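Data block below; observations after.
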Amino acid sequence: MELSATDLDYLAAHREDAQAALLTWFAAHARLLPWREARTPYRVWISEIMLQQTQVETVQGYFERFMERFPTLEALAAAPLEAVLKVWEGLGYYSRARALHRAAQTVQERHQGQLPADLDALRALPGIGPYTAGAIASLAFELPVPAVDGNVRRVLARVLALADPRPARLEAAVRAWLPPEKAGAFNEALMELGALVCRPQRPQCAECPWCDLCRARALGQPEAFPLKKPRKTLPHYDVVAAVTVREDHRVLVAQRRPQDMLGGLWEFPGGKREDGETLEAALGRELQEEMGVTLEVGEQMTVVRHAYTHFRITLYAFECRLSAGEPQCLECADFRWAALDELSTLPMAVTDRRIARVVEQRLAPQE
DNA sequence: TTCCGGAGAT
DNA sequence: ATCTCCGGAA
């Protein structure tokens with residue numbers, strides 16, 4: 001048993017009024033979102049993958065463009081990965097796009113092109129973990145299963161005043177209240193409540209349908225649940241990138257290997273500066289290692305600062321010329337001398353895209 | 001500058 | 001269990 005007898009009694013005692021209050025609130029306050037229209041398993045799936053680690057506001061535009069470009073699961077499975085990454089550009093966590101693409105092909109092969117209405121079969125697909133499996137199962141197929149995302153975790157931790165809400169506990173709590181006939185609406189309402197009312201900071205308890213049965217509220221400190229662990233300070237790295245320009249004004253870009261960070265995306269080649277190394281020396285060393293070429297490093301073009309999950313970087317981009325050697329792929333998947341108007345068609349991470357925009361401006365033919 | 005967030009790898 | 005993945009909003 002994952003929850004205490006006290007918790008289970010509490011859940012059982014409030015089951016009907018909790019269900020009614022939440023569903024009534026949701027009917028009145030649900031946002032009109034693209035994936036809530038014309039609901040199909042495919043649309044639910046794409047939206048749920050995009051919504052992993054990403055705010056609703058950010059996802060909306062990406063979802064619309066994705067659906068326009070890949071209207072069906074079949075179209076997604078048939079597309080080249082690079083096209084999927086291009087639509088994903090700027091959304092972050094690019095392994096989601098790679099997994100999505102692989103999963104679409106798996107569904108074509110193993111499930112006759114239809115997402116399976118089965119929790120375990122969904123869970124077996126790349127990029128679908130416990131939460132996403134539950135979300136697709138309940139929202140798309142009305143299976144009575146929990147879907148505990150960060151919002152639901154926060155809402156339930158507060159309602160039950162659980163400082164350390166482990167996944168199994170939270171799923172047990174959802175099961176205790178989940179109406180079998182309205183599982184999709186209930187799960188979605190729970191997430192919406194977390195997003196709109198029971199927010200991480202300054203929860204709007206006065207507007208909450210569960211205000212009267214919330215233990216954290218009764219304790220007078222809803223924000224104290226769930227307990228957050230302190231964040232570590234992130235290490236910082238200086239990173240260099242080469243904008244290598246050829247006589248014909250084309251620039252050298254490389255594609256990252258699939259297993260590397262930002263795999264499959266294009267970049268201006270370079271890498272981390274080592275201790276005691278100048279930026280110019282780091283650039284020379286990296287280009288020798290990655291592409292087997294010797295550079296003449298020119299002036300600095302731009303600086304980009306960016307924070308990843310575990311470190312921050314300051315990225316220095318230098319304009320360069322090739323002084324010896326022909327580029328080859330030593331530590332990259334592919335490379336290309338790209339024309340200026342080609343840069344915008346290649347999938348890049350936000351940092352390299354920022355450099356690309358500077359390159360387009362600086363090197364554009366003068367009027 | 002800090003905060004937020006699912007899945008996969010280890 | 002803990003760490004690795006990103007970008008935008010607050």
Side-chain angles (χ1 to χ4, degrees), chain A residues 44-63 85 87-103 106 119-120 122-137 139 146-158 164-168 170-171 187 190-192 194-196 198-204 223-237 239 256-265 267 304-315 347-355:
Chain A
V44 170
W45 175 41
I46 301 305
S47 64
E48 289 301 337
I49 299 297
M50 287 186 172
L51 288 163
Q52 292 168 3
Q53 327 307 304
T54 311
Q55 299 293 318
V56 163
E57 284 307 314
T58 306
V59 166
Q60 291 198 59
Y62 280 91
F63 179 81
L85 288 171
V87 178
W88 208 268
E89 182 180 300
L91 203 50
Y93 292 97
Y94 298 92
S95 66
R96 294 183 294 174
R98 298 191 296 270
L100 192 59
H101 188 239
R102 270 188 291 137
T106 303
L119 200 60
D120 293 327
L122 288 167
R123 182 70 185 74
L125 294 168
I128 298 186
Y131 160 71
T132 307
I136 298 172
L139 300 184
V148 179
D149 72 347
N151 288 311
V152 176
R153 175 174 185 273
R154 187 172 56 252
V155 170
L156 291 175
R158 287 174 180 172
D164 176 26
R166 282 132 55 167
L170 296 169
E171 290 186 5
N187 281 337
L190 215 37
M191 295 186 246
E192 195 80 338
L196 297 182
C198 196
R199 304 184 303 212
Q201 279 93 24
R202 299 186 307 281
Q204 307 293 298
E223 287 179 79
F225 300 89
L227 201 65
K228 345 188 193 330
K229 45 178 82 168
R231 286 167 186 270
K232 295 181 211 166
T233 59
L234 308 179
H236 175 272
Y237 304 112
V239 177
R256 296 167 186 258
R257 293 173 296 194
Q259 70 274 22
D260 290 346
M261 185 174 166
L262 305 171
L265 299 177
E267 64 170 358
V304 177
R305 283 169 230 286
H306 192 70
Y308 292 94
T309 320
H310 283 79
F311 57 93
R312 301 172 193 286
I313 63 165
T314 305
L315 174 57
M348 290 183 176
V350 164
T351 48
D352 286 288
R353 177 57 62 206
R354 292 236 277 268
I355 297 173

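Below, read A as the first sequence line, B as the second, and so on, with proteins coming before strands; counting in each chain starts at 1. Keep in mind the model is a prediction, meaning the values are calculated, not measured.
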Task: Atom-pair distance (CD on Gln259(A); P on dC5(C)), nearest Å - done: 12 Å

TODO: Take the protein atom CG of Asn187(A) and the nucleotide atom P of dG6(B), then report the distance between them rounded to whole Å.
DONE: 13 Å

TODO: Begin from the C-alpha positions of Leu170(A) and Val152(A) and carry the test side-chain contact (heavy atoms from CB on, under 4.5 Å) through to its verdict.
DONE: CA-CA 8 Å; Leu170(A) 296 169; Val152(A) 176; over 6 Å; no

Task: For atom CG of Asn151(A) and atom P of dC3(B), their distance in whole Å - done: 18 Å

Task: Crowding at CD, Gln204(A) (>12 non-hydrogen neighbours, <6.0 Å) - done: yes

Strictly under 3.5 Å: I want the nitrogen or oxygen pairs between protein and nucleotides 7-10 of chain B, one per line.
| from | atom 1 | to | atom 2 | distance (Å) |
| --- | --- | --- | --- | --- |
| dA7(B) | OP1 | Gly129(A) | N | 2.9 |
| dA7(B) | OP1 | Gly129(A) | O | 3.3 |
| dA7(B) | OP1 | Thr132(A) | N | 2.8 |
| dA7(B) | OP1 | Thr132(A) | OG1 | 2.6 |
| dA7(B) | OP2 | Pro130(A) | N | 3.3 |
| dA7(B) | OP2 | Tyr131(A) | N | 3.1 |
| dA7(B) | O5' | Gly129(A) | N | 3.4 |
| dG8(B) | OP1 | Gly127(A) | N | 2.5 |

Open item on the list: Using whole Å, what does the distance between atom C1' of nucleotide dG5(B) and atom CD1 of Ile49(A) come to?
Closed with: 14 Å

For nucleotides 6-9 of chain C, list the nitrogen or oxygen atoms of the protein found under 3.5 Å from its nitrogen or oxygen atoms, one pair per line.
| from | atom 1 | to | atom 2 | distance (Å) |
| --- | --- | --- | --- | --- |
| dC6(C) | OP1 | Tyr94(A) | N | 2.8 |
| dC6(C) | OP2 | Leu262(A) | N | 3.0 |
| dC6(C) | N3 | Tyr93(A) | OH | 3.2 |
| dC6(C) | N4 | Thr309(A) | OG1 | 3.4 |
| dG7(C) | OP1 | Tyr94(A) | OH | 2.4 |
| dG7(C) | OP1 | Val350(A) | N | 3.2 |
| dG7(C) | OP2 | His306(A) | NE2 | 3.3 |
| dG7(C) | O3' | Gly90(A) | O | 3.0 |
| dG7(C) | N7 | Ala307(A) | O | 3.4 |

Open item on the list: What is the separation between atom CG on Leu234(A) and atom C1' on dT1(B), rounded to the nearest whole Å?
Closed with: 11 Å

TODO: Using a 4.5 Å cut-off on heavy atoms from C-beta on, say whether the side chain of Ile136(A) contacts that of Ile128(A).
DONE: yes

TODO: Verify the contact: side-chain N or O of Arg199(A) to OP1 or OP2 of dC3(B), cut-off strictly under 4.0 Å; return yes or no.
DONE: no

Open item on the list: Students often get this wrong, so: under 4.0 angstrom with heavy atoms, is Arg312(A) touching a base, only sugar-phosphate, or nothing?
Closed with: base

- [ ] Indicate the atoms forming the closest heavy-atom contact of Lys228(A) with Glu223(A), along with that distance.
- [x] NZ-O, 3.7 Å

Open item on the list: Please find the pair of heavy atoms, one from Glu48(A) and one from Thr132(A), that lie closest to each other, and give the distance.
Closed with: CB-CG2, 4.0 Å

Task: Full working for side-chain contact (heavy atoms from CB on, under 4.5 Å) between Ile355(A) and Asp352(A) - done: CA-CA 5 Å; Ile355(A) 297 173; Asp352(A) 286 288; 4.3 Å; yes

Task: Interatomic distance where CG belongs to Leu51(A) and P belongs to dG6(B) [whole Å] - done: 9 Å

TODO: State, to 0.1 Å, how close Tyr93(A) and Gln53(A) come at their nearest heavy-atom pair, and which atoms those are.
DONE: CE1-CB, 3.8 Å

- [ ] Report the distance from atom CZ of Arg96(A) to atom P of dG6(B), rounded to the nearest whole Å.
- [x] 10 Å

Open item on the list: Taking the ring centre of each residue, are Tyr308(A) and His310(A) less than 6.0 Å apart?
Closed with: no

Task: Atom of Leu91(A), atom of Arg96(A) and distance for their closest heavy-atom approach - done: O-NH2, 3.1 Å

TODO: Whole angstrom is fine here: how far is it from CZ in Arg166(A) over to C1' in dG6(B)?
DONE: 19 Å

